[in-house]
There are 4 protein chains.
Amino acid sequence: MTKTVTKPDVCKEEAILSAAVHVFARAGFRGTDVQEIADRAGVGKGTVYRYFGDKQELFWGTAFWVLDKLDQHLTNAISASDSPLGKLRATCRAYGAFFETNPEYLEIFVLDRAEFRGDAPPARRERHEKMIAEFGKIVEAGIAAGEIRPVDARNVVLSLGSTLYGSVVCAAMTAAGDRSLTEMAEHAADIFLTGICAESSKGSEQ
Amino acid sequence: MTKTVTKPDVCKEEAILSAAVHVFARAGFRGTDVQEIADRAGVGKGTVYRYFGDKQELFWGTAFWVLDKLDQHLTNAISASDSPLGKLRATCRAYGAFFETNPEYLEIFVLDRAEFRGDAPPARRERHEKMIAEFGKIVEAGIAAGEIRPVDARNVVLSLGSTLYGSVVCAAMTAAGDRSLTEMAEHAADIFLTGICAESSKGSEQ
Amino acid sequence: MTKTVTKPDVCKEEAILSAAVHVFARAGFRGTDVQEIADRAGVGKGTVYRYFGDKQELFWGTAFWVLDKLDQHLTNAISASDSPLGKLRATCRAYGAFFETNPEYLEIFVLDRAEFRGDAPPARRERHEKMIAEFGKIVEAGIAAGEIRPVDARNVVLSLGSTLYGSVVCAAMTAAGDRSLTEMAEHAADIFLTGICAESSKGSEQ
Amino acid sequence: MTKTVTKPDVCKEEAILSAAVHVFARAGFRGTDVQEIADRAGVGKGTVYRYFGDKQELFWGTAFWVLDKLDQHLTNAISASDSPLGKLRATCRAYGAFFETNPEYLEIFVLDRAEFRGDAPPARRERHEKMIAEFGKIVEAGIAAGEIRPVDARNVVLSLGSTLYGSVVCAAMTAAGDRSLTEMAEHAADIFLTGICAESSKGSEQ
DNA sequence: AATGAATGAGCATTCATTCAT
DNA sequence: TATGAATGAATGCTCATTCAT
């Protein structure tokens with residue numbers, strides 16, 4: 001019989017995930033002692049294992065949780081603007097702000113990449129694709145509206161994602177001495193968006 | 001008495017570093033057994049410690065070694081073109097090609113960020129600043145030549161670095177299914193450069 | 001207050017014991033997870049503890065249950081023959097057949113010895129003595145009838161028991177490659193009984 | 001690369017095996033904490049793992065070590081007598097004496113059966129077969145000399161082995177209250193050997 | 001200088017047992 | 001009475017680091 005995993009209490013699950021973000025972010029995956037997560041969550045170590053099966057699943061659960069929060073945050077940001085370009089700008093700002101407000105979440109993203117490359121469970125891949133598709137539609141709307149040059153939407157979304165990811169990771173790396181994550185992301189967005197704007201709307205964009 | 005570290009034999013040092021790249025890249029920092037590096041380098045475990053002091057120093061030595069190789073690779077690429085914009089483009093292409101040719105080097109960069117955030121020893125920070133300054137000069141030359149809009153050179157270099165970093169990391173993450181690292185980096189460069197080009201030179205750039 | 005143990009439902013008790021035989025036989029005493037016994041018995045883990053107090057008591061209950069079954073099986077076999085020697089032969093055959101039919105029961109016997117040496121609760125010791133006495137009477141009847149040499153009945157019964165135990169354990173160990181448990185037991189009985197028969201002239205050997 | 005196991009120091013190996021016999025015999029396989037073996041052997045826990053790889057291999061090493069000692073002990077006993085029957089008798093006596101002198105060795109045998117049924121590594125199986133063959137030759141010599149009835153030598157050896165095993169295990173189980181292991185084994189031998197002697201007229205029984 | 005044997009702190013995971021519902 | 005969620009002590013195994021040879 002495979003490992004039994006049940007989550008009878010949503011509050012405990014949240015407490016564990018919240019503690020896990022904190023500890024993983026500080027100590028890394030391998031450097032984390034599950035006991036510390038349990039202590040910080042106020043539950044027994046056995047409970048952590050009952051809820052998540054093993055340390056890796058716990059980490060994946062944590063990473064998914066964070067991705068979910070990011071998705072919600074970005075989704076909120078999108079609705080704050082009407083034009084496609086405005087939505088993209090808002091997304092970039094929200095992306096930077098999200099990780100500036102929660103530096104621990106950024107660590108989870110970095111660890112995810114460092115420890116598990118492409119081994120993420122299907123659920124996370126699907127969520128990622130969903131987000132890509134979502135933004136792809138915005139780009140296509142921008143193209144239809146003449147705000148964005150006719151480009152391959154998926155590639156542009158991947159590039160924008162890469163740029164934002166690189167911006168926040170690198171900005172956080174240089175110890176906040178220079179500019180905030182949000183400023184970095186906005187600067188990256190400026191450069192990025194100006195580049196993909198159609199010639200006709202250059203004037204209004206810059 | 002502080003830890004005695006000497007490197008009497010350059011060949012051994014190279015062998016250890018080469019082995020370290022391999023093993024760190026595969027297993028991560030914490031997941032790496034120093035014994036495996038010693039075995040692969042064909043030296044005793046004690047020798048690794050004599051040459052590098054401890055595991056963390058060994059990793060830093062490895063990361064510095066890789067950064068050095070990247071620097072040389074990019075420096076070569078720069079000289080292949082005369083115009084500032086050409087140099088930047090060539091740099092982007094070279095950046096992608098470097099990590100496409102040596103995926104292990106990319107892992108070292110990712111691990112560096114994941115495990116040690118900003119704890120890198122001064123030597124590496126200095127080297128990093130040196131590279132930033134180097135490219136800053138190119139940007140300034142581009143501005144002077146009218147190829148690049150009047151921007152803050154340092155910020156632009158940081159943004160370009162972030163973009164390239166994000167591009168290769170994310171491209172490698174999506175399991176090569178989409179495009180090669182080099183293509184990703186070039187695509188990122190296209191968007192990036194087009195955005196910072198002065199209005200006057202748009203035509204020739206696109 | 002001492003541990004409260006009640007068995008309100010005989011069906012559940014049987015279900016637990018039956019499951020326990022299965023799991024203990026497969027995994028050994030220490031290797032057994034009480035949860036698995038509960039699952040297999042279709043009851044909650046708490047119920048197992050309510051019925052048996054703790055894991056050791058559960059095992060002893062299981063071993064006693066099996067011993068009881070063996071006793072019944074051998075008692076039936078005895079009644080199938082009239083002569084003392086016939087009864088002993090029948091007992092040997094039945095002994096082998098019992099464990100051949102129920103290999104799990106043999107594991108319980110082996111585990112019992114391995115884990116608890118002589119720590120068995122008085123009830124099992126008494127039951128064991130009762131069986132020894134029972135067979136002792138048959139031996140004495142055989143002696144009285146002139147079928148068996150005048151030997152110490154208890155010692156002979158202990159030896160026969162040891163021989164049968166050794167036979168089935170060793171036979172089961174050699175992976176059935178050679179002969180069945182029943183054949184092994186019969187062979188052992190042949191040698192054993194022939195040896196204790198009166199008529200022969202064993203002068204040269206003692 | 002598979003687990004590296006080296007045994008650079010024979011004294012340490014002996015110390016570990018000796019400690020392992022002691023601890024396994026007292027606590028059983030699962031109940032044994034490898035740390036205790038290390039402590040008793042006066043080495044670090046890591047050393048135990050360096051020498052034996054894992055707990056199971058350590059147990060197998062221990063069991064083999066004991067089997068080896070038994071083999072030597074029995075081999076010595078054999079040479080003390082000239083006639084085949086004498087050799088078999090001497091073997092039985094030696095078998096009982098071996099385990100009476102070293103009750104811990106008996107526990108190892110019992111645990112071996114309880115935990116690993118037939119999973120023993122090939123080396124131990126081969127050693128076992130070698131011993132069976134050795135005694136088979138003695139039985140055949142006995143048959144040739146007319147001391148033993150014409151029986152299947154291998155089967156007889158297996159039966160004798162089973163009988164002796166059962167005798168010592170059962171004798172030890174009944175807490176030495178009755179007779180010593182040696183006496184039990186001799187008694188078993190008496191019954192066993194008398195039965196396989198040629199001269200008698202067992203017609204009515206067979 | 002080079003080696004690799006020895007060490008033991010550290011950590012993931014399991015599971016007997018309890019007890020609130 | 002029955003349940004199963006929660007717990008934390010227990011234990012196998014790893015690996016960074018040291019140091020005698």
Side-chain angles (χ1 to χ4, degrees), chain A residues 3-4 6-9 12 27 30-39 42-56 58, chain B residues 3-4 6-9 12 27 29-39 42-58, chain C residues 3-4 6-9 12 27 29-39 42-58, chain D residues 3-4 6-9 12 27 30-39 42-56 58:
Chain A
K3 163 82 71 172
T4 305
T6 58
K7 297 187 173 66
D9 183 339
K12 283 208 168 83
R30 310 286 251 256
T32 286
D33 182 346
V34 174
Q35 181 67 63
E36 191 183 345
I37 293 175
D39 292 346
V43 302
K45 198 196 291 199
T47 302
V48 175
Y49 279 89
R50 164 183 287 281
Y51 277 67
F52 290 93
D54 64 20
K55 195 185 182 184
Q56 177 164 300
L58 172 58
Chain B
K3 162 84 70 173
T4 305
T6 58
K7 295 188 175 67
D9 182 340
K12 277 189 175 146
F29 177 74
R30 309 264 193 173
T32 285
D33 184 344
V34 174
Q35 180 67 65
E36 193 183 345
I37 292 175
D39 291 346
V43 303
K45 197 196 274 196
T47 303
V48 175
Y49 278 86
R50 166 177 293 280
Y51 277 64
F52 290 92
D54 65 19
K55 195 186 182 184
Q56 178 164 299
E57 291 291 341
L58 172 58
Chain C
K3 163 85 67 174
T4 305
T6 58
K7 295 188 177 65
D9 182 339
K12 279 190 173 145
F29 177 74
R30 309 263 194 173
T32 286
D33 183 344
V34 175
Q35 181 67 63
E36 192 183 344
I37 292 175
D39 290 346
V43 302
K45 199 197 271 196
T47 303
V48 175
Y49 278 86
R50 167 177 293 281
Y51 277 66
F52 290 92
D54 66 19
K55 195 185 183 185
Q56 178 164 300
E57 291 291 341
L58 172 58
Chain D
K3 166 81 73 173
T4 305
T6 56
K7 297 188 173 67
D9 184 338
K12 282 206 168 85
R30 310 284 250 253
T32 286
D33 181 347
V34 175
Q35 181 66 64
E36 192 183 343
I37 292 175
D39 291 346
V43 301
K45 199 198 288 200
T47 303
V48 175
Y49 279 89
R50 164 183 288 281
Y51 277 68
F52 290 93
D54 65 20
K55 194 184 183 186
Q56 178 164 300
L58 172 58

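Fair warning: this is a prediction, and the values are worked out from it, not measured in the lab. We name chains A, B, ... by the order of the sequence lines, and we start the count at 1 in each one.
- Going from atom CG of D:Asp39 over to atom P of E:dT7 covers 11 Å, rounded to whole Å.
- Looking at D:Lys12, its side chain never comes within 3.5 Å of a backbone N or O of D:Thr47 through a donor-acceptor pair.
- When rounded to the nearest whole Å, the span between CZ of C:Phe52 and C1' of E:dT18 equals 19 Å.
- Here CZ of A:Arg30 is found 8.0 Å from OG1 of B:Thr32. Values are rounded to the nearest 0.5 Å.
- Every residue two or more places apart in sequence or in another chain that forms a side chain to side chain donor-acceptor pair (under 3.5 Å) with A:Arg50 is listed here: A:Thr6.
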Subject >> DNA chain E base-pair string [pairs: Watson-Crick or G-U under 3.5 Å; |: paired with another strand] >> reply: .||||||||||||||||||||
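- D:Tyr49 is linked by a ring-ring contact (aromatic ring centres under 6.0 Å, His included) to nothing, counting only residues two or more places apart in sequence or in another chain.
- The side chain to side chain donor-acceptor pair (under 3.5 Å) search around A:Asp39 returns A:Gln35, not counting sequence neighbours.
- Scored by the salt bridge (Lys or Arg N to Asp or Glu O under 4.0 Å) test, D:Glu36 finds D:Arg26 as partners (sequence neighbours excluded).
- Here the C1' atom of nucleotide E:dA12 and the CD atom of A:Glu36 are 15 Å apart, to the nearest Å.
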Subject >> Contact letters for nucleotides 5-11 of chain F, in which S counts primed atoms plus P, OP1 and OP2 and B counts the base, heavy atoms under 4.0 Å >> reply: BBBB---
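- A distance of 9.5 Å separates CZ in A:Phe52 from CD1 in A:Ile37, rounded to the nearest 0.5 Å.
- Within the 4.5 Å cutoff, the side chain of C:Val43 has no heavy atoms near those of the C:Tyr51 side chain.
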